[in-house]
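Step one of this worksheet: look at the structure below.
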Amino acid sequence: MTLSQILIIVSIVAYMAVVIGIGVYFSRKNKSSDDFYLGGRSLGPIVTAMSAEASDMSSWLLMGLPGLALICGVADPAWTAIGLAIGTYVNWLIVAKRLRKYSHMAGNAITIPEFFKNRYNDSTNVLLALSAIVILVFFIPYTASGFSACGKLFSSLFGIDYLPAMILSALIISLYTMLGGFLAASTTDLIQSIVMSIALVIVVVYGVDTAGGLDNIINNAKSVEGYLSLTQMGNTATGEVSDYGPITIISTMAWGLGYFGMPHILLRFMAIRHEDEVTLARRIASVWVVISMSVAIFIGIIGYTLSVQGVVPRYETTAESERILIAIAGILSQRGVVLALVAGIILAGILACTMSTADSQLLAASSSVSQNLMIDVIGMKLNDAQRVIAARVTVIVIALVAIVIAWNPNSSVFTIVSFAWAGFGASFGPIMLFSLFWRRTTRLGAIAGMFTGGVSVFVWKYMVRPLGGAWNIYELLPAFLLSCVVIVAVSLATEEPEQEILDTFDAVGKV
């Protein structure tokens with residue numbers, strides 16, 4: 001093992017020691033399931049903002065987005081980023097404060113399924129059970145994509161087998177999440193967002209210098225037809241150029257709709273200390289998202305020039321190009337002790353963006369099992385201490401399932417994340433908006449809309465979208481719209497909500 005590899009390992013081990021230490025520290029503060037899953041609603045605005053966005057971006061920010069820009073050019077990642085930036089801002093603007101109020105007034109709900117149950121006084125628990133199942137169906141593969149990204153990181157860097165690298169990463173993430181719960185996940189997410197930001201800056205500075213300056217990077221990008229266009233897509237691997245028309249643009253921007261249904265982001269809204277702090281949190285989150293995604297796309301453009309120059313390998317697929325930051329860090333590590341430590345920070349940043357999402361997903365998935373299915377649906381009688389133990393055991397079980405799914409090293413992070421994002425956006429997004437803002441929404445309307453959104457994602461993805469042409473639309477958009485139509489139709493066709501539900505809805509608006 002070389003000195004540079006040793007120094008990188010030192011950097012990463014130090015980072016992992018910090019996050020595990022945070023988990024141990026907060027493990028003493030988890031006295032109840034409320035503490036474990038929502039941190040006692042005690043998050044400040046900075047932690048809320050940065051943990052929400054760090055858990056949102058995942059390995060997609062430092063691996064998926066640059067890799068997509070490198071292979072496909074600017075159009076696809078740029079319109080995706082624009083949609084996500086708009087979605088982030090609007091979600092914070094209209095959902096965050098009202099959800100914080102409503103979740104507290106509706107039985108002090110500590111999970112998203114519990115909020116839906118309390119919002120509609122669903123004594124049958126059908127809505128709660130359906131919500132929990134949706135979380136499991138889409139979050140487990142989402143978590144697996146994070147484990148996979150970690151495995152690729154260590155496998156590429158140190159030449160070790162993918163499987164042991166992936167399993168070790170998964171165990172570390174599971175350990176601090178199991179110990180510290182929501183407070184540990186949120187605090188580490190704040191630290192991870194800082195590490196991610198530092199990694200982005202370092203890669204840009206080093207990449208521009210190595211590529212021969214900004215002018216050289218732009219000239220190389222211009223040499224590929226359609227590469228820098230927002231209305232064309234130039235593939236650097238095949239040389240093919242395709243149109244990026246209005247329908248595709250709208251379809252891609254539909255990524256922003258997903259924010260309204262992301263449980264790990266919505267939980268941050270519920271956990272903020274006071275709704276008056278939402279405004280500051282919104283500003284911090286929105287600025288960070290715009291800057292970080294812009295820089296990530298630019299790194300993909302830099303990566304193309306570096307590949308042309310032979311500094312990094314030539315990539316043929318997005319699954320391969322997602323390793324561009326790893327390749328840059330590997331080169332940097334060979335240029336002295338100081339730069340080896342800097343490379344360690346870059347790699348810790350990739351690890352950070354993966355861990356920040358995986359820990360939140362593990363918590364949300366475990367809450368759907370231990371809190372919503374075991375206790376609320378099945379009716380198991382557990383005291384506070386037993387509930388915390390059940391939550392921790394569930395974290396481990398779900399992590400093991402995710403490890404099995406992540407067994408294949410050739411899966412694309414971007415592909416997995418995009419499908420899971422669509423699933424949550426279409427299943428939870430419409431019903432969350434209608435629950436918060438339409439008084440007339442009924443329990444049956446909510447159930448029908450959630451079911452329709454989830455099923456439609458699968459149908460459109462695997463049966464309609466393969467037809468191509470005008471049907472080649474990101475599955476989130478048609479599934480989201482269809483869910484909205486079903487919610488309205490079924491709600492109007494069924495009896496109005498009972499007075500108690502209407503009174504709570506009105507009270508939220510007056511506070």
Side-chain angles (χ1 to χ4, degrees), residues 1-21 23-24 58-60 62-64 67 139-179 188 192 195 199 313 317 319-331 333-334 340 343-359 361-362 365-366 392-417:
M1 184 175 291
T2 65
L3 176 61
S4 62
Q5 288 179 318
I6 293 173
L7 292 173
I8 289 174
I9 292 175
V10 169
S11 300
I12 293 176
V13 169
Y15 172 76
M16 289 183 171
V18 169
V19 296
I20 292 175
V24 173
S58 73
S59 53
W60 178 83
L62 296 188
M63 295 183 73
F139 253 158
I140 292 179
Y142 205 155
T143 304
S145 72
F147 292 169
S148 175
C150 288
K152 290 178 181 179
L153 168 62
F154 293 114
S155 176
S156 298
L157 185 63
F158 302 114
I160 60 178
D161 290 341
Y162 165 81
L163 284 180
M166 181 271 291
I167 293 172
L168 177 61
S169 303
L171 292 178
I172 291 172
I173 296 170
S174 304
L175 178 61
Y176 78 77
T177 304
M178 177 194 68
L179 290 173
T188 54
Q192 287 155 355
V195 175
T317 65
E320 294 175 351
S321 64
E322 287 172 352
R323 306 182 185 211
I324 179 61
L325 261 74
I326 300 174
I328 293 175
I331 295 167
S333 68
Q334 300 171 13
I345 295 175
I346 296 173
L347 296 169
I350 299 174
L351 189 65
C353 68
T354 303
M355 295 171 70
S356 62
T357 301
D359 55 24
Q361 293 162 347
L362 279 173
S366 69
R392 286 172 171 160
V393 171
T394 307
V395 167
I396 298 300
V397 172
I398 290 175
L400 291 174
V401 176
I403 287 173
V404 173
I405 295 175
W407 214 259
N408 179 11
N410 295 318
S411 59
S412 169
V413 171
F414 187 87
T415 301
I416 297 174
V417 169

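Index from 1, following the sequence.
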Separation between CD1 of I396 and CG of L400, rounded to the nearest 0.5 Å = 7.0 Å

query = At what distance, to the nearest 0.5 angstrom, does CG of L168 lie from CZ of F147?
reply = 11.5 Å

inquiry  = Please find the pair of heavy atoms, one from A327 and one from P313, that lie closest to each other, and give the distance.
reply    = CB-CD, 4.5 Å

ask   = What are the two closest heavy atoms between I324 and G67, and how far apart are they?
value = CG2-N, 4.5 Å

